[in-house]
Amino acid sequence: MESTRSYLINGDIWRDTGGNIIHAHGGHILFWNGEYYWYGENRTENRYVSVYASKDLMNWEFRRDVLTTASKCMEHRVKTNLSLITEKGKKINIERPKVVYNKKTGKFVMWMHVENGVDYSLAACGIAISDTPDGEFTYLGAFNPFGYMSRDCTLFVDDDDTAYFISASRDNADLHMYRLTDDYLNVDELVKKLWQGEYREAPAVVKREGIYYMFSSYCTGWAPNQCKYATADKIDGFWSTLTKIGDETTYRTQPAFFLTVVNTGNIYYFSDRWNGKDYDDSRYVVLPLRFGDCGKPILDYQETVTIS
Ligand code: DGJ
């Protein structure tokens, strides 16, 4: 067993409470019933997505591989690709899983980026569903929203429980924002096409004091680049142009998601420090997001972090 820790070293190997390496890349944290659930990519063996749970955000207990090649599949919509393995019996590729809770249906809904395991030509989004945050998710298939390409993605649930799926489209040239149906199981409307021709990926959204912030990276494969952010007063309204934040490699990171801590309201930038040569050795960097005059976000580097 790992002993209780009070800080995490950015870019170091992070282990769960059982002493095993945490595989939750390109992930997302959901707060539910007093616990935080950290979902993310796990590409080891037959795994796709794993979940870890924590009450203090510092010590993470492995709960389950929630999506694997053996996960149950269920038909949900017409024209979804329901296969979790290729025709040749190989793994497909699942990236950037995000999980939210739907109050109306009581279901936990995962959206993710799905590829064929060979290249990035499928450019589809996928959905999975579960009755509990750390139960086995049932895969509902992959599809191209309204026929569009869909790669790097994020989910955002607004204060009125309306959910939005944001993903890179047109070979990553544009970021699309889709409002989801009430059950979060389909796209209802394409509400924005953002920063056309700017090639933004790894989108992450956070809302603070009525302002929406979206961070994103440029497209350079696994190599880090300059993160930029934009703001909006209405999520489906006017978004500002892109402004640089952090240094030219964003401290060798790419955005994964933002975490707003429930009691303190503190906001953290969760990011991946990818290892393109050895994916499974990719690391995490978590930095507090501070705000200056007029809500200007500030992202400074620090070697260690205490998430509180
Ligand atoms: C950058 C993306 O953000 C990652 O999720 C992954 O798709 C890599 N590109 C692959 O090169």
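Remember, it's 1-based here, ligands and their atoms both numbered in the order they're listed. No hydrogens, no waters, no symmetry mates; every other heavy atom, side chains included, goes into these values.
Side-chain polar atoms of Asn102 and Thr105 form a donor-acceptor pair below 3.5 angstrom. Side-chain atoms of Thr44 and Asn42 include a donor-acceptor pair closer than 3.5 Å.
Taking atom 10 (C) of ligand 1 as the reference point, the nearest protein heavy-atom neighbour is Tyr120 OH, 3.4 Å. Annotation: atom 6 (C) of ligand 1 to nearest protein heavy atom, Glu95 OE1, 3.4 Å. In this structure, the protein non-hydrogen atom closest to atom 5 (O) of ligand 1 is Arg96 NE, 3.0 Å.
Between Gly221 and ligand 1, at least one pair of N/O atoms sits closer than 3.5 Å. Note: no N/O pair closer than 3.5 Å links His113 and ligand 1 by distance alone. Checked against a 3.5 angstrom limit, the closest N/O atoms of Asp152 and ligand 1 fall inside it.
With respect to Asp236 and Arg179, no salt bridge is recorded, no charged nitrogen being found less than 4.0 Å from a carboxylate O. Between Arg43 and Asp280 there is no salt bridge, since no side-chain N of the basic residue sits under 4.0 Å from a carboxylate O of the acidic one.
Judged by a 6.0 Å distance limit and a 45° cone about the ring axis, Lys91 is positioned over the six-membered ring of Tyr48.
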